[in-house]
There are 4 protein chains.
Amino acid sequence: MPKATFLNLAQEKKDLITDALIKHFATKPYHLVDISDVAKECKVAKGSMYQYFENKKDMYFYTIEVAYERFLQLLTKMDMVHVNILDYYENSLESVWNAMKDLRYEYMLLEMAFFSHDSPFKDEINEKFLKQSRDFLVEIIKYNQKQGFIRDDIDPLLIGIFLEGASFYMKKFIIEKALNENNTTTFELDIDYFKDAISQFIKLLKEGIAKK
Amino acid sequence: MPKATFLNLAQEKKDLITDALIKHFATKPYHLVDISDVAKECKVAKGSMYQYFENKKDMYFYTIEVAYERFLQLLTKMDMVHVNILDYYENSLESVWNAMKDLRYEYMLLEMAFFSHDSPFKDEINEKFLKQSRDFLVEIIKYNQKQGFIRDDIDPLLIGIFLEGASFYMKKFIIEKALNENNTTTFELDIDYFKDAISQFIKLLKEGIAKK
Amino acid sequence: MPKATFLNLAQEKKDLITDALIKHFATKPYHLVDISDVAKECKVAKGSMYQYFENKKDMYFYTIEVAYERFLQLLTKMDMVHVNILDYYENSLESVWNAMKDLRYEYMLLEMAFFSHDSPFKDEINEKFLKQSRDFLVEIIKYNQKQGFIRDDIDPLLIGIFLEGASFYMKKFIIEKALNENNTTTFELDIDYFKDAISQFIKLLKEGIAKK
Amino acid sequence: MPKATFLNLAQEKKDLITDALIKHFATKPYHLVDISDVAKECKVAKGSMYQYFENKKDMYFYTIEVAYERFLQLLTKMDMVHVNILDYYENSLESVWNAMKDLRYEYMLLEMAFFSHDSPFKDEINEKFLKQSRDFLVEIIKYNQKQGFIRDDIDPLLIGIFLEGASFYMKKFIIEKALNENNTTTFELDIDYFKDAISQFIKLLKEGIAKK
DNA sequence: CATGAATGAGCGTTCATTCAT
DNA sequence: AATGAATGAACGCTCATTCAT
């Protein structure tokens, strides 16, 4: 709920501010984000930030919302609900990879907002974003079970948790590796390493870790 | 490195302070932990906290150390390295469950300290605790592969990530469920639900999610 | 290095703050100067002081710098290096006296900053101000020796020390006398007493204390 | 006015504490002297210091008193009042030098207490010590004038100020030189340099700086 | 009397937010 | 609407002094 003042801004300026906010909230915990830093980076007066937004929390939520939308846009390009989730992972490598590159800060922000204790608004965020996203995932899983794509002898919620956790750590690991190998600013980890890692990951997901 | 003053305190008082610190650092990000809050809760003057510890960071690290030790004590009751990791998960249900009940805050603290972006001391903590813990896990995995307990066609590091993520989310889910069902202070989620959830989780781990 | 915020202030306000700072740092040792006192005196919020300056040390150094400049302005009206130092003392009575009246706090501040053991920044100050000032004095003395104005059978450095000490105590004595006789705020010691004291002082300097 | 508790202490312990206090108050400004530091150095509990003395100020004044007495003892070995002050300076080189070595901290303490702005008790100290000491000096000067040892056409008070200032700076200069040349702890500046400097200084005092 | 833990007032500094222009 | 100065609550930390044993 940014103020009208913000919405009336030229798109270019809006983007500038939005991107700066995303970057800052993505790379520092909430309490270490200094509004005057952000303002300085946007070459905007600190006071202006408060003409655009109600307060810091408002900036934070707006920021999450934008990041979330940008992410969903990538996903909704395909009919997620009616897809074989295993195929999805397997086939969408390239686009996921690109998403992780292009929406790096968005991704990091969402990760922090949803899963770290940093934010003082954890519950609100959960309510607003995470629950629906988990519900959405469970929906997909149920569909996949019904279609016979994945086993149906396990509670879909538990499968969802399992999937969320394993894939989140996986992505995190890849991103960190990429950030370390490069000078943090570029993001040019070899896609081959990534492809290989993901395909091993899919195998684990599908077949489990037990020796056959 | 708490000061001698702290170590000389009556055990009871030491525990009181230690537990209060753990609770606070476990439930709020570092920057929101107010030393005078903690002091008040311990019925101790703010200044006393600084007779016990060098500074806030010292309190934080001490707190993590204690939580870590308490955790390790549970784990080291068995010879972790030389165990079938799948059996381990399956058989240690009860003790894991109890650990999660008794060391609830310790668990949450370690989770925050190791995985959240807050804390200005991420790197130090990684250096001091986390690195060895992931290395340790990979060691176990390699042993399990050699013994033929688990598949050896996948990079043990990736298996480690997979395991860490899936089981972390699982535990988190259970803890949150337990905390919500009750009034946060007690922790009386039915062990049966827990047992059931864990055994399904083990199945997923072992066999994967693909339909046979 | 006050911040731009300070430099942009109305000259009047800048002076108000500068003078308050000089007064406080001139009359109390560094550690007893309370920024909120100063702020209160300027009718400015404590926080504002930190919008103007980096920190307390910054205020202190700024203060010294201003006092030093104000002092130098008085001295540089004449070509100090190429002057008979004895004549200088004798003829400049009036202006010295006025300086001591107008720049009372500046004088006291510099005295404290340069010669007292307080201030955690003694060395920096020495480096920045004092060294050049003693060197400058020795330069003058050498010139006076070369011109035959003063004896040249004594190490110029020692003469410098001698001069510094005797005249510093002299000035200090006069200032204290003046401050005591009045209500500290005004400074109306009779110039005649002052002239007399100074001329006797010059005699001692020139001719020594021995009976002829 | 240390408490009886202190006075009843074994002489050895009393000296230990006294010397530690002198050293600390001599080398740091009042506000930076930390009583627990001093206590630690004496291997005495901090609380004990407060059984010996009323408070920090009490310690400070006791310290000054002792230092002052020790100093006076050196001076009163000769009948100061009835001595030719010029001869005194000239002949007592060696003993002054030794005093400066042995009573280094006492000397530094008195210097700070009397002449720097550091102490919050400046006026009291002036009242208690300095005035009598300056009065004493003026007494000597008057006697010297009456005896025809020094000129009597100048106000004895002014001569006193002159002497105080010039000789204080001189001593300060020598002490600093000595402290710099050595590793601060020993104090072994060559007495020859010292003798030479002092004799030049006496010449200046006696004959002034004017070219004959 | 000695000890050393306990206390709390106080200071420097930060930063979200408001205000005046 | 934009600016950037002004505000003040809040927090980390220190240390003289008191208290309990």
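To find a chain, count down the sequence lines: A is the first, B the second, and so on, and within it residues start at 1.
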Check your understanding: Which listed nucleotide (E:dT17, E:dT7, F:dT17) is nearest to the side chain of A:K56?
Key -> E:dT17
Review point. What's the CD-P distance between C:Q51 and E:dT18, to the nearest Å?
Key: 15 Å
Review point. Should B:N8 be listed as having a side-chain N or O under 4.0 Å from OP1 or OP2 of E:dA5?
Key: yes
Point to revise | Check: B:K46 side chain, B:V38 main-chain N or O, donor-acceptor pair, under 3.5 Å | key: no
Practice item. Return the value, rounded to whole Å, for the distance between atom CZ of B:F25 and atom C1' of F:dG12. Key: 12 Å
Revision key, fill the gap. Which of F:dA2, E:dA16, F:dC15 is nearest the side chain of D:D34? It is F:dC15
Point to revise | Whole-Å gap separating C1' (F:dA16) and CZ (D:F121) | key: 12 Å
Review point. E:dC1 C1' sits how many Å from D:I17 CD1, rounded?
Key: 13 Å
Study note, to complete from the structure: 5'-most contact on DNA chain E (nearest-nucleotide basis), B:V44 vs C:E54, goes to B:V44
Practice item. Determine which nucleotide pairs with F:dT21, using a 3.5 Å limit on both distances of a Watson-Crick or G-U wobble pair. Key: E:dA2
Practice item. Give a yes or no on whether the ring-centroid distance for D:Y105 and D:F25 is below 6.0 angstrom. Key: no
Review point. Does a side-chain N or O from A:Y52 land closer than 4.0 Å to OP1 or OP2 of F:dA2, or not?
Key: yes
Practice item. Using a 4.0 Å heavy-atom cut-off across all strands, classify B:K3 as base, sugar-phosphate, or nothing. Key: nothing
Check your understanding: If you check the A:I35 side chain, which of F:dA5, E:dG12, E:dA16 turns out closest?
Key -> E:dA16
Point to revise | Integer-rounded Å distance: F:dT17 P and D:F53 CZ | key: 13 Å
Review point. With a 4.0 Å cut-off on heavy atoms, is D:K43 in touch with a base, just the backbone sugar-phosphate, or nothing at all?
Key: nothing
Exercise for review: Let me know the distance between NE2 of D:H31 and C1' of E:dG10, rounded to the nearest Å.
Suggested key: 13 Å
Point to revise | Rounded distance (nearest 0.5 Å) linking atom OH of B:Y60 with atom CD of B:E124 | key: 11.0 Å
Check your understanding: Does B:V33 offer a backbone N or O that forms a donor-acceptor pair with the side chain of B:K56 under 3.5 Å?
Key -> yes
Exercise for review: Considering non-hydrogen atoms only, spot the tightest contact between A:R70 and A:L103 and give its length.
Suggested key: O-CD1, 3.7 Å
Revision key, fill the gap. Picking from E:dC11, F:dA5, F:dG4, the nucleotide nearest the side-chain atoms of A:A45 would be F:dG4
Review point. Tell me: CG of C:D58 to C1' of E:dG12, nearest whole Å?
Key: 14 Å
Check your understanding: Think B:S48 has a side-chain N or O under 4.0 angstrom from the OP1 or OP2 of E:dA5?
Key -> no
Practice item. Ignoring backbone atoms, test whether C:K46 places a side-chain nitrogen or oxygen under 4.0 Å from the OP1 or OP2 oxygen of F:dA10. Key: no
Check your understanding: Within the side chain of D:S48, is there an N or O that forms a donor-acceptor pair under 3.5 Å with the backbone of D:V44?
Key -> no
Review point. Looking only at side-chain N and O atoms, does A:Y50 come under 4.0 Å of OP1 or OP2 in E:dT17?
Key: yes
Practice item. Report the residue (B:M59 or C:G47) whose heavy-atom-nearest nucleotide on DNA chain F is the more 5′ of the two. Key: C:G47
**Study point:** d(CG, B:N55; C1', F:dC11) in whole Å
**Key:** 14 Å
